[in-house]
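In the text below, chain A, chain B and the rest are named by the order of the sequence lines, each starting its count at 1.
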Amino acid sequence: MEKMSRVTTALGGSVLTGRTMHCHLDAPANAISVCRDAAQVVVAGRSIFKIYAIEEEQFVEKLNLRVGRKPSLNLSCADVVWHQMDENLLATAATNGVVVTWNLGRPSRNKQDQLFTEHKRTVNKVCFHPTEAHVLLSGSQDGFMKCFDLRRKDSVSTFSGQSESVRDVQFSIRDYFTFASTFENGNVQLWDIRRPDRCERMFTAHNGPVFCCDWHPEDRGWLATGGRDKMVKVWDMTTHRAKEMHCVQTIASVARVKWRPECRHHLATCSMMVDHNIYVWDVRRPFVPAAMFEEHRDVTTGIAWRHPHDPSFLLSGSKDSSLCQHLFRDASQPVERANPEGLCYGLFGDLAFAAKESLVAAESGRKPYTGDRRHPIFFKRKLDPAEPFAGLASSALSVFETEPGGGGMRWFVDTAERYALAGRPLAELCDHNAKVARELGRNQPWPSAHCKPQPQCGQGCSPQGLGLFNLKDMAPGLGSETRLDRSKGDARSDTVLLDSSATLITNEDNEETEGSDVPADYLLGDVEGEEDELYLLDPEHAHPEDPECVLPQEAFPLRHEIVDTPPGPEHLQDKADSPHVSGSEADVASLAPVDSSFSLLSVSHALYDSRLPPDFFGVLVRDMLHFYAEQGDVQMAVSVLIVLGERVRKDIDEQTQEHWYTSYIDLLQRFRLWNVSNEVVKLSTSRAVSCLNQASTTLHVNCSHCKRPMSSRGWVCDRCHRCASMCAVCHHVVKGLFVWCQGCSHGGHLQHIMKWLEGSSHCPAGCGHLCEYS
Amino acid sequence: MLKLRHTRGQTSELSTSSNEGYNVKALLSSYKIILFKYYFMNSELGIRIPRPLGQGPSRFIPEKEILQVGSEDAQMHALFADSFAALGRLDNITLVMVFHPQYLESFLKTQHYLLQMDGPLPLHYRHYIGIMAAARHQCSYLVNLHVNDFLHVGGDPKWLNGLENAPQKLQNLGELNKVLAHRPWLITKEHIEGLLKAEEHSWSLAELVHAVVLLTHYHSLASFTFGCGISPEIHCDGGHTFRPPSVSNYCICDITNGNHSVDEMPVNSAENVSVSDSFFEVEALMEKMRQLQECRDEEEASQEEMASRFEIEKRESMFVFSSDDEEVTPARAVSRHFEDTSYGYKDFSRHGMHVPTFRVQDYCWEDHGYSLVNRLYPDVGQLIDEKFHIAYNLTYNTMAMHKDVDTSMLRRAIWNYIHCMFGIRYDDYDYGEINQLLDRSFKVYIKTVVCTPEKVTKRMYDSFWRQFKHSEKVHVNLLLIEARMQAELLYALRAITRYMT
């Protein structure tokens, strides 16, 4: 309300009216500028220079300033500016380096007033002083900025940018003597117009050319800059050092930037290439533009707010030879189309979910699983009344933690660290791993030692062990709503009679099957619950026609339909309990697939002949590994794959293996198990995986004295000519293996440090740090 | 695949301060030792041992002028090491470019990125495109190098029998290659569309940008190869001989270039003409630069005058050709890569083809080209941008025997002259300057190197700027190739931009 009244007063009682409209120009525009009465706009380009009157319904051509028979390069404009004090005064920058001023008050057809031919290269920008009638500033490709007094024939002063091309110059609106200039090398300079000898301040604002800058109309010392690096940055120049206040990342290089009148944090941008739209950003919300104008078919080259106190009219000129007036209320608002929900897994199985507050409020009303062991925690953001997006931006974050007693993902870490993957005979590895699995209460069936040494089994031995597969695992992925009553502590001994050798194998390690022991399944349950919630709630809050509002299914790769599967074990137990199964008969327990994507799994729990070909078991093992991987337990899949090596590899296609490896390595790295992950990489046979640890093997060293990077040799610095890596023990230069403490960064020869730390726990450099050597 | 350099009989001892994983000097030296052993064993065992041909990396520049491996400073050594690590060889191009280490570093970085780092195209495609591009200029040097690399990365040897044996996708690129190499201003968005919309053989935008960058890189590198008279590598055709040293040398490249008698050429006749003459040449050039600097403001040409100067220069550049322009049959080994030998620069230049004007103020590398390349092929825009910058701004403030000279005017004249030949106009440049600064023999050289590099002869190389140092002539070549690359890129990228909008 208050804002509205201010607008009307500023406009002197007459409110601007108009509509979104455009008109065709004869040629591409390079720049536009508005007259201070907000009723006329000038368009300039290589072969166009016209003034249009902005009327209620349309643009009307008022004046063509390109007169004369032969088109001169002086008229090929790179920039144009209309004086904000004098309605008759215009200035253009020509591509051949000439600065021309125009006086509309001249009676003749040719309105050209003065010609300054001082620049040697293209002039990129001209700018009038905001309050002085006769002061004009220009910035050119030749690296000079010149200040002209229009009452004189030539420039008053020249500012040198040290042979870097000037892309933009802008007088400060608040400080009478100050102007900012931007350069092709990424620098921004601040000058005092009275001191042409050196700039007041210089800093690097962007990586690559800075194409544009704009002073904030109200906040003293706020400067927005836009560069080729696709960023818009807002700087506070009032402090001792220019401070970056905001940074907006756009999708293309930024050609122009203009603060929006009357809206303290808004600015409009257009891009140099590829992207044709004009965006209005709230600098505090740097990821989604507040508004977007999509009228142009080619890059927008000039933008201007129609009136310095009216935030709703924007004018633009474009390479597509059109001039547009955009109304803010007609702008498209990408925020409306944005997907306001976010979901993320924590490392230890926690799940965070953020959504619009209204959405969560509705959800908490009907909290479905009360008896659950999970603990949803709600966080509510404090609302900031000054925040313009309060309605949109307020969100609720809910975090679901895994059961504290469940141990989180500790099992994963332990298993990863303790599993042995190589370096011992197969049997020993299997034994070891089976023991580890047992100790950790994991349902990972490792071939048991009993069957291992059977010579006649040959390669079949591993499947034998694997045959001990605990079928309780077969009821996984049970959704939270259909929590299955798991057969806890259902101790069971499957006795399986093998052929002549008649080895009895007792399956013991599947006893303590508890929900919490299978966290992978557990997590799945979480997802299911959440997702259902979302689906239920969506129609109330989102536009149903908008596909983005529906969370994509792909976000849940492990999702299966929830089916109340009858627990398999009972069924199996019956069979297993009958000891007299004939040798040729295979006892097959089939589980119905719970989902179409879930491949049919048959477990042969059978008695078999030692004469069976080894690859008979390959299928079995493959199915088992697939099963584990499907469940999300890639750890098992990969470990078995590595341990069994050639025996199973051929049965599983390369891509699947690679997929398992990368997933497992990714998991390991998230848990910072670098050593294990590296071991896995090393042991993998997949080419794509084993080259993982050959990438980016460069170690960069900085000199310990001057902190500069050392380029040529690792031990002596080129710059300060001192030896950088001295051994703290013997005080000699270390040229070979250098070991250093990551706490105090002292170090030296590997041998010396090792020896030192055997005797003392303190750092050999005497810094008092308690170094550790592991 | 290690490159051997011809040595003059001494085996430098293994470097002792080697603490890096590899040491080029040591490797090269040990190779030399092995080579020598073979030389001596040769006669006894009757094995045919290749012997390097030519005198050092360049046929134009006496070997003693070129930096010897082993005598480089630390910076150059690091460059050699990087180059060796990336390519497994130290090629002759590197050995000549090391006159300008600052540029070489950027050049190697870019080339390494284009050929070996992440990119949309598979490795063997990259080398094949390199071969295609170099073959347009019958540059057997580059073709041979990349044939080896192509096979090394697992390329199908069948493709080398000609473009028609390569996949349709690459064949489609042939047309763009041809136009880009000889008349880039004819590239339209239809060319681009044709490549991007060819059903199962279509290119993606990212792939196309990669291919375009590779094509332009190798077109201009071919210019450099001929412009500096790079000698064939020893492991390539024409780089070695099995004949005993006494038999007169002979190499394929010489035939291709029509200068059979390079080796026999006595102490270069051009230099003998008169030292004082060429001395005045430099003086006159400097005087002209001084004059232009001073009187620039006084004598202001009219707009029409400026426009016509550009047109004149553009038109004239069409006819600037050396008199010893004779018909040359392309070497058989290379010709198989391009189907349309008749399509060259010369054909239309005789008829005075009209080149449309391209306004650099409307589409320039810094603002537009860079953004497009970096968008579609990340990081490469940055690398090429750096390379252009270094090439354009490189100066030691020397001219022949003079020191502390501001050469920016001369460099800009060369750069703009090349762009002028491609019809690219700078609104803010007075093309009259070109006529003042570049004399005819220099223009002939520039024109030949840029447009028909295969016709460059040692005589041309010797006859311009006679008093200047070889390093300065290499510097000129760097300007030529970068300006050419930028010109080609501008046309190709503009077409892509037009396609996209």
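- The neighbour count for A:His22 NE2, taken as heavy atoms of other residues, nucleotides or ligands under 6.0 Å away, does not exceed 12.
- Chosen from A:Asp320, A:Val299, A:Val274, the residue pairing most often with chain B at heavy-atom distances under 4.5 Å is A:Val274.
- Counting heavy atoms of neighbouring residues, nucleotides and ligands inside a 6.0 Å radius, atom CG of A:Asn110 exceeds 12 of them.
- The contact list for residues 371-379 of chain B toward chain A, using heavy atoms and a distance under 4.5 Å, reads B:Ser371, B:Leu372, B:Arg375 by residue number.
- For A:Ala205, the side chain to side chain contact (heavy atoms under 4.5 Å, CB included) partners two or more places apart in sequence, or in a different chain, are A:Val188, A:Phe203, A:Thr225, A:Trp235.
- Using a 4.0 Å cut-off between charged nitrogen and carboxylate oxygen, B:Asp385 and A:Arg228 count as a salt-bridge pair.
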Legend entry - Step-by-step side chain to side chain contact (heavy atoms under 4.5 Å, CB included) determination, A:Arg121 to B:Arg412: CA-CA 12 Å; A:Arg121 312 266 323 251; B:Arg412 195 169 164 215; 3.1 Å; yes

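- For a residue to count as touching a neighbouring chain, one of its non-hydrogen atoms must lie under 4.5 Å from one of that chain's; by this rule A:His276 touches chain B with the side chain only.
- Separating the CE atom in B:Met409 from the NZ atom in A:Lys120 is a distance of 8.5 Å, to the nearest 0.5 Å.
- Annotation: ring-ring contact (aromatic ring centres under 6.0 Å, His included) contacts of B:Trp415 (sequence neighbours excluded): B:Tyr392, B:His419.
- For residues 362-370 of chain B, heavy-atom neighbours of chain A at less than 4.5 Å comprise B:Asp362, B:Tyr363, B:Glu366, B:Asp367, B:His368, B:Tyr370, sorted by residue number.
- Judged by distance alone, the side chain of B:Asp428 and the main-chain N or O of A:Thr122 form a donor-acceptor pair under 3.5 Å.
- With a 4.5 Å cut-off on non-hydrogen atoms, A:Ser253 touches chain B through its side chain but not through its backbone.
- Within the 4.5 angstrom heavy-atom criterion, only side-chain atoms of A:Arg46, from C-beta onward, approach chain B.
- Neither the backbone nor the side chain of A:Ser271 has a heavy atom closer than 4.5 Å to any heavy atom of chain B.
- Across every non-hydrogen atom of B:Asp427 and A:Asn96, the tightest pair is O-CB, 3.3 Å.
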